[in-house]
Enquirer: 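There's a structure below that I have some questions on.
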Amino acid sequence: MTKDFYTATEERRSIYGISKEVVVTDEKIKEVIEHAVKYTPSSFNSQSTRVVLLLGKHHDKLWDIAKEALRKIVPADQFSATEDKINSFKSGYGTVLFFEDSAIIQGLQEQFSLYKDNFPVWAQQSSGMHQYAIWTSLEIEGLGASLQHYNELIEADVKNEWKIPNNWKLIAQMPFGNPTAKPDEKQFSPLEERIKIFK
Ligand SMILES: Cc1cc2nc3c(=O)[nH]c(=O)nc-3n(C[C@H](O)[C@H](O)[C@H](O)COP(=O)(O)O)c2cc1C
């Protein structure tokens, strides 16, 4: 690890300026994802998170799918801004897709009915932890990433294109690449309003 946990936590940002000129190998990106998926916790150790890594033409195809889906619902006179935004994601090197396996979640709901309302919430929380682990790990490797949610808009086409099991529910998309623009300075709400300590 080239950075300690605290530095990586501070330096992970939403990076919207990304390009395909990455120096990290595909093997390293795969390792980062495997490490996060293996070690990130899940409720009852259910391991319901599923991840798909799209590189090269697969990454480009994803953002073409999103663009065409948006073209159907965004008014024509506003589409140019939408297209620019989608193209900025497509300019990246790859995208990580996050899913939750609803078959596992349903199985737990049946097995532990006392917690049945909690399992979908815990699955979302665990997905968020996976997203954060991968986002921060990509940062450590010198890559910039952001988190996107075109879920309902693209889910059917995504499943069709990459033969994704129907019980995998699409949760988020994380486009990443070589960072080409620094993020704006981040505003922080006072910690005293957000943390209470009793001792
Ligand atoms: C649960 C969650 C959902 C988010 N959804 C989006 C999104 O749909 N599109 C987007 O551009 N950024 C999204 N973000 C990024 C936040 O806007 C961003 O993390 C926040 O403004 C803080 O900036 P930073 O990531 O640079 O620290 C999301 C972040 C979180 C944690």
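When a ligand or atom number is given, it counts from 1 through the structure's own listing order.
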Enquirer: Tell me, which protein residue and heavy-atom name are nearest atom 20 (C) of ligand 1, and how many Å apart are they?
Expert: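 The closest one turns out to be Ser14 OG, 4.6 Å.
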
Enquirer: Pick from Leu143, Asn178, Val22, Val24: which one makes a side-chain contact (heavy atoms from CB on, under 4.5 Å) with Tyr93?
Expert: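 It is Val22, the one option of Leu143, Asn178, Val22, Val24 that forms the side-chain contact (heavy atoms from CB on, under 4.5 Å) with Tyr93.
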
Enquirer: If we only consider heavy atoms of Tyr132, is any one of them less than 4.0 Å away from an atom in ligand 1?
Expert: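 Per 4.0 Å heavy-atom rule, Tyr132 does not contact ligand 1.
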
Enquirer: Would you say Gln131 touches ligand 1, if touching means a heavy atom closer than 4.0 Å?
Expert: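 Flag not set, Gln131 not near ligand 1.
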
Enquirer: Under 4.0 Å and counting heavy atoms only, is there anything from the protein next to atom 17 (O) of ligand 1?
Expert: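 Not a single protein heavy atom is under 4.0 Å away.
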
Enquirer: Phe44 vs Tyr115 aromatic rings, parallel, tilted or perpendicular, using cut-offs 30° and 60°?
Expert: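 Ring orientation, 0 to 90° scale: perpendicular.
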
Enquirer: With a cut-off of 4.0 Å, which atoms of ligand 1 are near a heavy atom of Arg13?
Expert: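 Counting from 1, the qualifying ligand atoms are 24 (P), 25 (O), 26 (O), 27 (O).
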
Enquirer: Which of the numbered atoms in ligand 1 are under 4.0 angstrom from any heavy atom belonging to Arg12?
Expert: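 So the atoms of ligand 1 that pass are 24 (P), 25 (O), 27 (O).
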
Enquirer: What do you reckon, does Phe89 put a non-hydrogen atom under 4.0 Å from ligand 1?
Expert: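 No, Phe89 has no heavy atom closer than 4.0 Å to ligand 1.
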
Enquirer: Got a second to check how far Ile104's CD1 is from Phe119's CZ, nearest 0.5 Å?
Expert: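 Reported to 0.5 Å precision, the distance equals 12.0 Å.
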
Enquirer: May I have the step-by-step check of ring-ring contact (aromatic ring centres under 6.0 Å, His included) for Phe176 and Trp135, ending in yes or no?
Expert: CA-CA 9 Å; Phe176 65 88; Trp135 197 347; over 10 Å; no

Enquirer: Tell me the protein heavy atom at minimum distance from atom 27 (O) of ligand 1, and give that distance in Å.
Expert: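 For atom 27 (O) of ligand 1, the nearest protein heavy atom comes out as Lys186 NZ, 2.6 Å.
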
Enquirer: How far is atom 8 (O) of ligand 1 from its nearest protein heavy atom, and which residue and atom is that?
Expert: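 It is His149 ND1, 2.8 Å.
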
Enquirer: What distance do Glu152 atom CD and Leu170 atom CG have between them, rounded to the nearest 0.5 Å?
Expert: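 Reported to 0.5 Å precision, the distance equals 8.0 Å.
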
Enquirer: If the cut-off is 4.0 Å to any non-hydrogen atom of Tyr16, which atoms of ligand 1 fall inside it?
Expert: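 Matching atoms, with element in brackets: 10 (C), 11 (O), 12 (N).
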
Enquirer: Among side-chain atoms of Gln47 and Thr49, is any donor-acceptor pair under 3.5 angstrom?
Expert: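 No - no donor-acceptor pair under 3.5 Å links their side chains.
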
Enquirer: Within the structure, does Trp135 bring an N/O atom to less than 3.5 angstrom of an N/O atom in ligand 1?
Expert: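 Not met; the criterion fails.
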
Enquirer: What's the spacing between Gln106 CD and Lys116 NZ if we round to 0.5 Å?
Expert: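 Between atom CD of Gln106 and atom NZ of Lys116 there are 13.0 Å.
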
Enquirer: For atom 6 (C) of ligand 1, which candidate among Leu147, Ile171, Thr9, Ile15 provides the closest heavy atom?
Expert: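 Closest candidate by heavy-atom distance is Leu147.
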
Enquirer: Rounded to the nearest 0.5 Å, what separates atom CD1 in Ile105 from atom CG in Asn118?
Expert: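 Here the interatomic distance stands at 12.5 Å.
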
